[in-house]
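Below is one structure, written out as structure tokens; the observations come after it.
Naming convention: chains lettered A, B, ... in sequence-line order (proteins, then strands); numbering from 1 in each chain.
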Protein chains: 2
Amino acid sequence: MSYSTRQREVILNVLRQAGRPLTPQDIRQQASQDSAGIGLATVYRALKTFIAEEVIVPVEIPGASPCYEPADRGHHHHFICQQCQRVFDLTGCVHGLEALAPQDFCVQRHEIVLYGVCACCTEGRGSEVEASTDQDLHSLHK
Amino acid sequence: MSYSTRQREVILNVLRQAGRPLTPQDIRQQASQDSAGIGLATVYRALKTFIAEEVIVPVEIPGASPCYEPADRGHHHHFICQQCQRVFDLTGCVHGLEALAPQDFCVQRHEIVLYGVCACCTEGRGSEVEASTDQDLHSLHK
DNA sequence: ATATCAAATAAGAATCATTCTCAAATAAAA
DNA sequence: TTTTATTTGAGAATGATTCTTATTTGATAT
């Protein structure tokens with residue numbers, strides 16, 4: 001049903017090696033290094049296919065363009081830096097969310113998004129990081 | 001600084017009379033009844049102004065286009081029924097959200113969205129409600 | 001009431017992300 | 001290797017949002 005092409009392998013690798021959710025543009029830029037001239041449409045098509053196959057999941061952040069990450073990272077939430085616009089993975093969750101809904105409402109899942117300024121941007125070196133796209137929360141935070 | 005025009009009054013009225021967050025298109029459509037030929041750009045400009053004046057707030061739901069509601073409803077979150085797609089206002093919040101981010105990240109605000117099935121749809125009468133668009137949580141839940 | 005000036009308007013052009021189209025290239029199957 | 005279905009790249013098409021510009025309108029001071 002679905003062919004395995006060089007472009008798709010590259011796209012999946014890019015997503016797996018990034019420590020944070022990536023936008024289609026991020027992906028295209030990264031993938032260009034391994035597969036020159038890859039088209040944006042190809043990225044979008046591959047993303048759609050991978051989502052259907054449940055290999056990746058979309059991360060839809062209000063106020064930012066949608067990005068994507070591998071589906072095997074388990075339950076977690078996200079932080080978006082208001083300055084560099086990058087999205088970071090968070091670990092952990094909170095309890096008591098179901099209590100916000102009336103008793104006769106059935107809560108199936110939830111999303112939490114934190115907005116603020118990441119460590120890089122707080123330190124006033126946000127611009128120098130802007131070019132980098134594959135740093136994850138942990139490498140930034142250690 | 002900011003003029004009060006007929007178009008803006010109409011737009012604000014539409015938002016206040018709706019019991020749920022509206023999209024710019026919703027607003028334009030509603031406002032057309034009171035102010036024929038109102039432009040979409042005008043709606044967007046008015047929304048931007050109202051947001052700057054903190055008269056309304058954007059409601060950014062992951063996976064849905066952004067919508068807007070009056071700001072005087074206080075801090076609250078939203079519930080989306082997976083069946084009828086309506087957005088409900090929730091009351092209350094949870095603590096400990098800042099703890100999800102690393103210490104050197106500055107958390108400024110947050111969004112919580114619960115997904116599930118509302119009381120109406122649980123009772124198997126979701127379809128009959130689908131047409132209604134201006135019911136809020138309280139009228140449904142009382 | 002009128003003149004003045006700043007702000008807002010409508011319409012359409014511009015922009016940006018995403019999807020679509022189609023001929024050419026490529027992967028899998030025969 | 002030949003056949004057939006799928007994927008690709010390039011650019012056109014779409015849809016949402018923002019911008020531009022000439023014109024209109026609201027507020028303010030006569």
Describe, in one word, how the ring planes of A:His77 and A:His110 are oriented to each other, choosing from parallel (under 30°), tilted (30 to 60°) and perpendicular (over 60°). tilted
Any B:Arg8 side-chain nitrogen or oxygen under 4.0 Å from OP1 or OP2 of C:dA7: no
Close residues, residues 46-54 of chain A, relative to DNA chain C [heavy-atom separation under 4.0 Å]: none
Expressed as a whole number of angstroms, how long is the span from A:Tyr68:OH to C:dA17:P? 13 Å
Compare the minimum distances between each of D:dA16, D:dA10, C:dG12 and the side chain of A:Ala41, then state the nucleotide with the smallest one. D:dA10
Partner residues of B:Phe79 under the ring pair (Phe, Tyr, Trp, His ring centres under 6.0 Å) criterion, sequence neighbours left out: A:Phe105
Taking only N/O atoms, report every protein-nucleotides 23-30 of chain D pair under 3.5 Å with atom names and distance.
| unit_1 | atom_1 | unit_2 | atom_2 | d |
| --- | --- | --- | --- | --- |
| D:dG26 | N2 | B:Tyr3 | OH | 3.1 |

Rounded off to whole Å, could you give me the CD-to-C1' distance for the A:Gln25 and C:dT15 pair? 13 Å
Taking for each residue the nucleotide of DNA chain C bearing the nearest heavy atom, is the 5' side occupied by A:Pro24 or by B:Gln7? B:Gln7
Quick one: side chain to side chain contact (heavy atoms under 4.5 Å, CB included) partners of A:Arg73, sequence neighbours excluded? A:Glu69, A:Pro70, A:His76, A:Asp89
In whole Å, what is the span from the CZ atom of B:Arg45 to the C1' atom of C:dG12? 12 Å
What are the two closest heavy atoms between A:Val87 and A:Arg20, and how far apart are they? O-CB, 3.3 Å
Kindly compute the distance separating SG (B:Cys118) from CG (A:Asp104), expressed to the nearest 0.5 Å. 9.0 Å
Counting only heavy atoms and a strict 4.0 angstrom limit, can you tell me which residues of residues 29-38 of chain B come near DNA chain C? B:Gly37, B:Ile38
Heavy-atom nearest pair, B:Ile11 first then B:Ala46, reads CD1-CB, 3.6 Å
Rounded off to whole Å, could you give me the CD-to-C1' distance for the A:Glu9 and C:dA27 pair? 11 Å
To the nearest Å, give me how far apart CZ (A:Arg28) and C1' (C:dC16) are. 14 Å
Looking at every heavy atom in both B:Ile27 and B:Val14, which two are closest together, and how far apart are they? CA-CG1, 4.3 Å
Could you tell me which residues satisfy ring pair (Phe, Tyr, Trp, His ring centres under 6.0 Å) with B:His95, sequence neighbours excluded, listed by chain and number? none
